Every structure is written in structure tokens, then in C-alpha cells.
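None of the values given here were measured: they were computed from a predicted structure.
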Amino acid sequence: MNEALRAALTRWQKIALVAGLIGLAFCVLGAVVRTPQFFVSYLFGYLFWLGLALGCFGVAMIHHLTGGRWGNVTRRFLEAGFMTLPVMAVLFVPVFFGLRFLYPWAKPALVAEDEVLRHRRVYENPGMFIGRSVLFFAIWIIMAWLLRKWSVQQDGTTDPAPTRRLRKLSGPGIVIYPVTATFAYVDWIMSLEPDWYSTMFPVIIFIGQFLSAFAFAIILLAWFRREPPFVGVVSTTHFHHLGNLLLTFVMFWTYVSFGQLLIIWSGNLPQEITWYLHRIAGGWKWIVVLLALFHFFLPFFLLLFRANKQRVVILMSIAMVVFLVHIVNVFWMVVPSFYPQGIRIHWLDIAAPIGVGGIWIAVFLANLKSRRLMPQNDPRMQPVILHAK
Amino acid sequence: MKEKNTLYGLVAEFADSSAVLKATQRAYANGYRNMDAYSPFPIHGLAEALGRRRTAVPLIVLLSGMTGGLGGYFMEWYSMRVDFPFNIGGRPLHSWPAFIPITFELTVLCAALSAIIGMLALNRLPEPYHPIFNAPGFERASVDRFFLCIESADPKFTLTDTRNFLQDLNPIQVTEVRA
């Protein structure tokens with residue numbers, strides 16, 4: 001990494017850190033004056049950025065298993081992304097203090113009069129919630145740390161052993177991550193509505209995480225494409241492949257999102273359909289329209305055309321739209337549980353994502369600066385890079 | 001039926017993939033257009049070197065996909081709304097969410113079939129006879145040899161000039177191929 005680039009990254013890191021601290025300062029203010037609203041906004045803002053870290057984690061493991069030149073040039077972005085997990089684990093702690101503001105099962109008065117919640121108390125109680133969260137973060141952080149360690153090890157040796165270890169971990173890892181995250185997201189989002197169940201819901205969450213990670217990687221690769229070591233290596237082919245993957249996950253997200261809607265709409269059972277009724281009530285239905293247009297139709301139709309995937313600026317703009325609208329998607333999944341009558345946007349809904357996001361980006365840039373920007377000695381990549389146009 | 005001794009083209013044989021890629025790029029730079037390269041595996045950049053043209057396949061796929069999707073939706077709407085209205089759980093007769101799976105499946109089915117059939121038709125396949133198989137040793141094109149054939153149909157093609165041009169590319173051999 002040359003000095004000019006390092007200086008630029010340091011400057012961005014400072015900007016992100018300051019923005020994050022200002023956002024968090026507003027969050028602290030909000031926690032004092034609008035305590036219930038603070039926890040709602042913080043949960044939403046936090047879960048978006050945690051989703052990005054976990055998306056990077058999943059996509060990196062997919063790449064270790066499948067290979068492909070798209071992942072070689074983006075791997076350090078993904079690694080820097082999932083290495084934010086230790087900080088994200090710390091940032092999750094405030095949620096533990098807000099359980100009784102967020103989750104019906106943590107409100108003794110509600111539990112007392114609801115038979116279902118009473119029966120679920122064995123599993124869903126503050127102690128179990130915190131215990132499970134700590135366990136899952138521990139598993140993810142250990143796996144993330146190993147993925148990073150071996151990847152960096154490969155930089156220093158031509159012996160393919162570290163890459164082989166990365167593959168050996170990624171195989172089980174790509175199963176462990178969705179299984180643990182299913183339990184986590186049942187706790188963190190699904191249990192916001194006490195009587196609602198959907199087996200498809202965690203899948204929608206993961207696919208959205210992968211999608212935001214791909215969009216993030218495309219944006220960064222586009223920004224870095226003229227910097228060494230990317231200049232001369234990154235070609236339209238890389239962007240074409242990443243664009244295809246973005247299209248795949250846009251369609252996958254739509255497929256699973258619509259699948260859940262279709263099943264619940266067909267069943268039309270009171271405890272299931274209310275989840276959607278809360279999410280189309282009042283102004284919420286305009287959020288649905290926004291998601292349909294910008295989370296599906298626009299990226300889908302633009303990404304069908306090869307030329308749009310090969311023109312870097314266009315692809316980056318599409319990725320930017322997907323990334324931003326995915327924030328709205330997370331908002332729409334979390335917040336209507338608290339405002340089932342209609343949309344309400346509080347100033348804390350802006351402050352929380354900026355606060356968590358600023359810290360996230362500062363940590364991300366610190367991770368990015370600490371290692372080479374391009375993985376070295378990947379045994380599968382040598383001839384491909386040599387022959388790349 | 002063409003006469004047995006008409007010239008189809010001149011074919012140059014190469015031992016490795018980068019040689020045939022360079023040869024193709026030079027042939028294109030020299031103005032040859034009616035040519036084709038043959039290789040046991042896909043060579044990155046070869047299609048571009050041959051001057052890949054835009055084909056009608058994407059348009060065919062788009063139109064058939066839309067036909068399949070609209071046709072599927074119409075079929076459901078017509079049977080449910082016009083031909084045989086049937087009350088299912090009190091839902092409206094025109095319940096679009098329930099129609100989406102069939103619409104989606106028929107879009108994919110028609111698009112995929114038309115992609116394969118359109119590709120075959122535009123390539124004029126299946127083609128039981130092709131002159132290139134008269135080239136000596138051409139069976140190695142599916143093993144370890146790489147061929148570049150400049151066809152006599154090319155406006156720039158003359159037997160001597162084209163032969164000299166191909167010889168300059170250091171091939172293993174240059175041979176005439178009869179149609």
C-alpha cells in the first residue's frame with residue numbers, strides 16, 4: 001500500500017470515527033430522553049451493520065469453497081468486514097439493557113397474561129437470550145479470526161497448507177453460520193412479535209446479508225480499482241462476475257421474500273398474517289413499494305444487461321442503491337413491530353445507523369490498512385491473474 | 001451440392017493456446033473476418049479476438065420469456081376469472097400473489113428453452129457435415145491441438161497471400177481444406 005493511499009484511508013478513518021462518535025453521542029442523549037425509542041432505533045441500526053459483517057463472513061467462506069477470481073480481489077475487503085465482529089459484539093451489549101423495552105417475552109406483565117409466552121419462558125428469557133448471543137458471537141469471532149489468520153499466513157508462504165485449512169474450515173463454517181444465525185435471528189428479530197413464526201425468515205436475513213456484502217465489495221473494488229495493487233489486475237471481467245453475483249442475490253432475496261409472503265398470505269392465519277398487516281399499515285406500504293422497486297425491479301432489470309455489469313460506474317451505482325435500500329429493508333423488518341399503526345421515523349433512526357456505522361467503518365479501515373490489499377500466493381489464483389486481461 | 005474440390009479455407013495448426021490466440025488477433029488485425037478457431041477448451045479472449053458479434057439470442061430469450069410470463073399469468077387469470085370462477089377461502093378471484101409462481105416458472109421455462117433452441121438455430125446446428133473435419137489431424141482439436149481456419153469466403157482471402165500470412169505465424173503446418 002503506498003503512502004498516499006494509506007494517508008487517504010487514515011483520513012477517512014478519522015471522518016468515520018468522528019461521525020460514529022457524534023451519532024453515538026446522540027444515541028446516549030436519546031437513551032436518556034427517549035429510552036424506549038432509543039432501543040428500537042439502536043437495534044435496527046446495529047442489526048444492519050452486523051448483517052454487513054456477517055455477510056462478509058459468509059461470502060468469504062463461499063469464496064474459499066468455490067474459488068473464482070472475483071473473490072481474490074475482494075477477499076481483503078470481506079476479511080476487514082468480518083473482522084469488525086469483536087467490536088460488533090461489544091456494541092451489542094446495550095441491547096441487553098433494553099430487553100424489557102424491546103421483547104414481549106421480557107415484559108413480565110405481558111408474559112403473565114399470555115399462555116404461549118408463559119410456555120416459552122423456559123427458552124425465551126433474558127438469561128437465555130444473553131447466553132445464546134454470547135455463545136454465537138464467540139463461535140463467529142473464533143471462526144473469523146481463524147479465516148483471517150490463515151489468509152494472512154498464505155501471504156508469506158507458497159506452501160498451499162493455509163489455503164487448504166481455509167477450505168477445511170469454510171466447509172463446516174458455511175453450515176455452522178446459518179444454523180447459529182437462525183437461532184440468533186429468531187431471538188433478535190422474530191421474537192419482537194410474540195406469536196409470529198416463519199422458517200423462511202432467517203434465510204431472508206442471510207440472503208440480505210450476502211447481498212449487502214456483495215454490494216459493499218463492488219463499491220470498494222470500484223473505488224480502489226486505480227490504486228496499486230489493483231490497477232492492472234482488476235478488469236471488466238471481475239466486475240462482470242461480481243455483477244452477476246449481485247444479480248443472483250437480488251433474485252435470491254426476492255425469491256425467498258416473496259416465498260414467505262406467498263405462504264403466509266395463502267395460509268391467512270391470524271398470528272402469521274398480522275406480521276404483514278403491521279408492515280403494510282399506514283405509510284409502511286410505501287416502504288414496501290420502495291423495496292419492490294429498488295431492492296428488486298431496478299437492480300434486476302439493469303443487471304440483466306452485460307454492458308451495465310462491465311461499466312464500473314454503472315455497476316457501482318447499482319450496488320450503492322442496493323446497499324442503501326437494504327438499510328430500509330432492515331428498518332422495515334424491525335421497526336413496524338413497534339409502530340403497527342403506520343410508519344414513524346424518529347431522529348434516533350438516523351443517529352443510530354450513523355453511530356454504529358461510523359465505528360464499523362473506522363474499524364473496517366483499520367483492518368484493511370493492517371494487511372496487504374491483495375492476497376498473495378493463493379495456489380488457485382496464479383495462472384488466472386497472469387492471464388487476466 | 002458443392003463440388004468436391006472447392007476450397008473451403010486454409011487451416012493453421014498450433015501447439016498451444018496462446019499461439020492460436022495471438023494468431024487470431026493478428027489475422028483480425030490484418031482484416032480477415034471469415035475465420036474460426038478450434039480448441040479443446042475455452043480460451044479466454046478468443047471469442048473477442050475473432051470479432052464476436054452481437055447475436056439475436058438475448059432478444060429471442062427476452063421475447064420468449066415475456067411471452068411465457070404473460071401467457072402464464074393470462075392463463076391463470078382467464079381460468080380463474082372468466083372460465084371457471086371459484087371461491088377459495090374468500091379470496092378475490094384475481095389473486096395475483098397466487099399467480100406469481102406459475103408466471104415465474106413459465107417465464108424461466110420459455111426463456112431457457114428458447115435460449116437453447118435459438119442458440120442451436122443461429123449456429124445452424126445440428127450440422128452433420130462440416131468441411132473443417134477434412135483438415136488433416138483435426139481430431140486433435142478435441143485433445144491437444146489448436147486450429148485457426150481462414151475461410152475462402154473472406155473477401156481478403158487469396159491462396160498465396162493467406163498461406164504466406166499463416167506461415168508467418170509459425171504454425172506446425174498450414175493445409176488447404178476442401179469443402
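- Residues of residues 255-269 of chain A lying within less than 4.5 angstrom of chain B, judged on heavy atoms, are Y255(A), F258(A), L262(A), W265(A), S266(A), G267(A), N268(A) in numerical order.
- For a heavy-atom cut-off of 4.5 Å, chain B lies close to no residue in residues 274-295 of chain A.
- Counting heavy atoms of neighbouring residues, nucleotides and ligands inside a 6.0 Å radius, atom CZ of F157(B) exceeds 12 of them.
- Within a 6.0 Å radius of CZ in F41(B), more than 12 heavy atoms belonging to other residues, nucleotides or ligands are found.
- A donor-acceptor contact closer than 3.5 angstrom is absent between the side chains of S142(B) and Y38(B).
- Within the structure, the side-chain hydrogen bond (donor to acceptor under 3.5 Å, both in side chains) test picks out the following pairs touching residues 84-95 of chain B (sequence neighbours left out): Y73(B)-H94(B).
- The aromatic rings of W70(A) and H63(A) stand perpendicular to each other, their planes meeting at an angle above 60°, with 30° marking the opposite boundary.
- E151(B) places no side-chain N or O within 3.5 Å of a backbone atom of G9(B) that could act as its donor or acceptor partner.
- Atom CZ of F300(A) has more than 12 heavy atoms from other residues, nucleotides or ligands within 6.0 Å.
- Each of F296(A), F297(A), F214(A) was compared with V250(A) under the side chain to side chain contact (heavy atoms under 4.5 Å, CB included) criterion, and only F296(A) meets it.
- Using non-hydrogen atoms only and a strict 4.5 Å limit, no part of residues 194-211 of chain A faces chain B.
- Residue Q173(B) qualifies as enclosed at atom CD: its count of foreign heavy atoms under 6.0 Å is above 12.
- Cation-pi contact between R145(B) and F14(B): absent, since separation from the ring centre below 6.0 Å together with deviation from the ring axis within 45° is not met.
- R75(A) and D378(A) are joined by a salt bridge, as a carboxylate oxygen and a charged side-chain nitrogen come within less than 4.0 angstrom of each other.
- For R163(B), the CZ atom is densely surrounded, since the number of other residues' heavy atoms within 6.0 Å is greater than 12.
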W77(B) vs L93(B), test: side-chain contact (heavy atoms from CB on, under 4.5 Å). Steps then yes/no.
CA-CA 8 Å; W77(B) 173 84; L93(B) 292 174; over 6 Å; no

